[in-house]
2 protein chains.
Amino acid sequence: MPSDVEPAPVSAKPPVTLREVAAAAGVSVATASKALNGQGRMTAETRERIRETARLLGFRPNSLAQSLLRKRSFTVGLLTNDTYGRFSLPLMAGVSDALVDKGVSVFLCNVEDDQRLGQLHVEAMLDKRVDGIVATGKRIDRHLPVDLSNLRIPVVYAFTQPDPGAIGLVSDDAGGARLAVEHFLRLGRRRIAHVSGPASFAVVHARAQAWRDVLKENGLAESEPLLGAWSEAWGHEAVEKLFGKADREGWPDAVFCGNDQIARGVIDALRERGISVPDDVGVIGFDNWEIVAEATRPPLTSVDMNLSTLGREAGLALLSLVDGQPAAPGIRKLPCRLVVRQSCGSPPE
Amino acid sequence: MPSDVEPAPVSAKPPVTLREVAAAAGVSVATASKALNGQGRMTAETRERIRETARLLGFRPNSLAQSLLRKRSFTVGLLTNDTYGRFSLPLMAGVSDALVDKGVSVFLCNVEDDQRLGQLHVEAMLDKRVDGIVATGKRIDRHLPVDLSNLRIPVVYAFTQPDPGAIGLVSDDAGGARLAVEHFLRLGRRRIAHVSGPASFAVVHARAQAWRDVLKENGLAESEPLLGAWSEAWGHEAVEKLFGKADREGWPDAVFCGNDQIARGVIDALRERGISVPDDVGVIGFDNWEIVAEATRPPLTSVDMNLSTLGREAGLALLSLVDGQPAAPGIRKLPCRLVVRQSCGSPPE
DNA sequence: GCGGGTTGGGAAAAGGTTTTCTCAGAGTGG
DNA sequence: CCACTCTGAGAAAACCTTTTCCCAACCCGC
């Protein structure tokens with residue numbers, strides 16, 4: 001028999017159990033358990049000896065067994081249909097971040113827009129006894145393709161349409177839009193246009209309304225927002241509409257865009273027309289998608305929805321729900337944040 | 001007592017157990033278990049009755065208990081440090097897709113580049129008795145900030161540097177580069193430049209070498225690749241270097257870029273110089289990041305690394321490892337695919 | 001009617017942990 | 001020396017399912 005010189009864990013060595021620790025320390029499993037969990041009464045000496053033994057043996061409790069008993073799996077599910085992860089990932093990072101300290105892990109499931117897949121994943125989660133579910137999506141005004149309304153376990157909705165009576169966390173789109181428009185105003189801009197995405201999105205209306213409100217509050221002329229697609233191409237088109245007329249006096253001196261891609265299109269189109277950003281026109285985007293915002297020339301000032309904070313809040317909310325603390329249902333809006341780069345110029349002295 | 005009219009599951013009703021099913025069907029738990037799993041011997045009538053009872057009660061077996069017994073949790077961990085998910089998400093989609101049919105769920109953990117976080121997550125996974133781990137990252141030539149080499153459970157590396165003796169799956173970068181350069185050649189392009197990322201990346205060398213090889217094989221003049229950053233800005237700069245000289249004869253008629261962002265910068269810069277893509281110069285990118293590739297003007301032909309296939313293969317490989325089937329260690333390269341859009345023009349008649 | 005095979009189903013252990021209950025022994029006061 | 005209270009630790013149940021025996025009853029042929 002080869003002398004077991006030390007490491008070489010042959011890959012198939014079963015984990016050490018509490019029973020083995022107890023045997024090695026010369027106590028019962030009950031005592032061992034209590035020693036490691038700081039429960040029960042025993043001499044400090046005994047407790048320490050058991051702990052030391054456990055450490056030496058590399059004992060790690062089997063979560064499965066614990067979960068079975070405690071009826072808590074210390075696991076939550078994160079459901080999303082955001083394939084590209086543009087929104088899900090920061091959100092997931094937040095959720096995960098909020099939970100990792102408490103020893104809670106996250107099942108991430110992308111259900112696309114597939115009912116069957118959604119059903120499948122939710123059932124898998126339920127079978128694995130997740131403690132709760134965070135539902136998230138790629139837009140605020142649509143449900144995921146699954147029904148989470150009668151689930152026996154808590155559900156928190158983040159950045160997706162919540163079921164009635166549930167807890168939902170979304171970004172404060174109106175507030176975000178205000179941030180942008182007011183930033184323009186502070187910089188002395190007065191003719192502020194708004195170019196946004198399809199009218200079918202709720203956020204488009206929320207942002208447009210806030211834009212209008214701020215203009216009105218400041219006694220400025222209101223106009224119609226330009227609604228189109230969430231694309232660069234639409235940004236180009238919109239510039240054509242806004243700056244196509246010969247009358248330079250009618251040109252805006254600021255464009256607030258519904259997302260960063262539109263903003264990028266706008267900035268590119270302006271440059272092609274020889275209109276300077278930010279000297280002639282300021283531009284603000286929405287989403288603060290760094291990969292886009294930092295690549296525009298000049299880098300794009302943009303509204304950040306603080307998705308990772310949203311995720312963190314969602315995680316914490318779910319956790320307190322899991323702990324049985326009641327929480328008021330309804331939609332909670334979390335503030336956005338303006339990330340200033342160079343597409344708006346500096347404030348006047 | 002309110003008549004239990006039907007739904008209204010009061011949120012806190014414990015799941016129905018096998019014991020309850022057995023009681024309701026008037027059999028023992030053993031028989032019930034066997035009936036539901038198609039094991040054991042009993043009259044078809046009994047089996048059917050038990051199944052019907054289970055269905056009626058909405059019984060779903062407790063995965064935790066099953067896992068405890070079978071020593072398989074039907075759960076795998078996916079470790080990544082790719083915060084933006086540019087690479088991880090397609091990969092994860094593939095992994096998940098390969099596993100969902102087998103009833104296996106995926107823990108996604110982003111460890112950033114944080115040792116502590118990595119340690120934490122790996123231990124959590126181990127405690128939860130994941131059946132295996134897929135390690136993935138944002139570049140092929142770096143290790144994750146965790147040591148997975150002595151883990152007792154199978155590990156498959158996908159799109160990250162594997163430990164020696166382990167199984168790794170990566171994209172065939174050289175093959176992908178060949179695809180691009182040969183595409184140019186088929187279109188009649190002869191002066192093919194290469195603009196890529198930092199020299200510190202292994203893929204940069206692999207792709208550049210393949211580019212050089214294809215040129216040499218075809219008796220074309222070789223030159224040095226232009227190495228810089230993975231950014232649009234570098235694409236602009238590179239165009240300045242390549243097309244700055246007055247001598248038009250020395251200009252390339254094709255640029256093969258190390259990623260799509262560089263390609264985008266190149267295309268934009270060419271347009272600004274009045275050089276037509278694809279008429280004067282063809283451009284190919286790498287990564288096929290649709291969000292970029294479809295927004296360039298014209299849309300960008302790009303090499304796709306088939307990451308979701310990579311993920312799927314990784315998932316299947318892990319699964320067979322978990323099932324105890326031996327697999328040859330080493331790095332397996334999966335082919336890339338050229339996605340043709342409009343940045344290279346059409347083949348000559 | 002009886003030995004032997006088959007059939008239908010149950011009892012019990014196993015998996016690893018937590019928790020409640022119990023108990024033996026030690027210490028204390030009278 | 002006795003009754004009582006602590007103290008430290010163990011036995012066992014519980015969580016839920018699977019699986020390995022095991023057993024009773026039935027059927028068959030002789």
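Chain letters run A, B, ... following the sequence lines, proteins first and then strands; every chain starts at 1.
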Rounded distance in Å - CZ (Arg19(B)) to C1' (dG10(C)): 14 Å
Protein-nucleotide distance (Leu36(B), atom CG; dT19(D), atom P), rounded to Å: 13 Å
Which residue lies more 5' along DNA chain C, comparing Gln66(B) with Ala32(B) via nearest heavy atoms: Ala32(B)
Nearest-0.5 Å distance that lies between atom NE2 in His121(B) and atom SG in Cys109(B): 4.0 Å
Distance below 4.0 Å between Asn37(A) side-chain N/O and dT18(C) OP1 or OP2: yes
Side-chain donor or acceptor of Thr75(A) paired with backbone N/O of Ser73(A) under 3.5 Å: yes
Toward the 5' end of DNA chain D, by each residue's nearest nucleotide, Arg41(B) or Phe59(B): Phe59(B)
Along DNA chain D (nearest heavy atom to each residue), the more 5'-positioned of Thr43(A) and Gln39(B): Thr43(A)
Sugar-phosphate, base or nothing in reach of Thr17(A), heavy atoms under 4.0 Å: sugar-phosphate
Short side-chain N/O contact from Ser28(A) to OP1 or OP2 of dA11(D), under 4.0 Å: no
Between P of dA14(C) and CG of Asn62(B), the distance in whole Å: 21 Å
Nucleotide of dG10(D), dC15(D), dG10(C) approaching Leu69(A) most closely (side-chain heavy atoms): dC15(D)
Whole angstrom value for the distance that separates C1' of dA14(D) from CG of Leu68(B): 13 Å
Sugar-phosphate only, base, or nothing, as touched by Thr46(A) at under 4.0 Å among non-hydrogen atoms: sugar-phosphate
Side-chain donor/acceptor contact of Lys34(B) with base of dG10(C) under 3.5 Å: yes
Distance, rounded to the nearest Å, where Leu64(B) contributes CG and dA14(D) contributes C1': 15 Å
Gap between atoms CD1 and C1', on Ile50(B) and dG8(C) respectively (whole Å): 11 Å
Phe159(A)/Ser171(A) under side chain to side chain contact (heavy atoms under 4.5 Å, CB included): CA gap, chis, key distance, verdict: CA-CA 7 Å; Phe159(A) 207 76; Ser171(A) 52; 4.0 Å; yes
Other residues, nucleotides, ligands: >12 heavy atoms within 6.0 Å of Lys138(A) NZ: yes
Polar side-chain contact Lys71(B)-dG16(C) base: donor and acceptor under 3.5 Å: no
NZ/NE/NH1/NH2 to OD/OE distance under 4.0 Å, Lys71(B) and Asp131(B): no
Any Arg70(B) side-chain N or O less than 4.0 Å from OP1/OP2 of dT18(D): yes
Val27(B) or Ala65(B), whichever maps to the more 5' nucleotide of DNA chain C: Val27(B)
Whole-Å gap separating C1' (dT19(D)) and CE (Met42(B)): 13 Å
CA sep, side-chain torsions, deciding dist, call: Thr80(B), Asp82(B), side-chain hydrogen bond (donor to acceptor under 3.5 Å, both in side chains): CA-CA 6 Å; Thr80(B) 177; Asp82(B) 175 22; 5.1 Å; no
Closest nucleotide among dA11(D), dT17(D), dG16(C) to the Leu18(B) side chain: dT17(D)
Rounded interatomic separation in angstrom, taking CZ from Arg72(A) and P from dA14(D): 23 Å
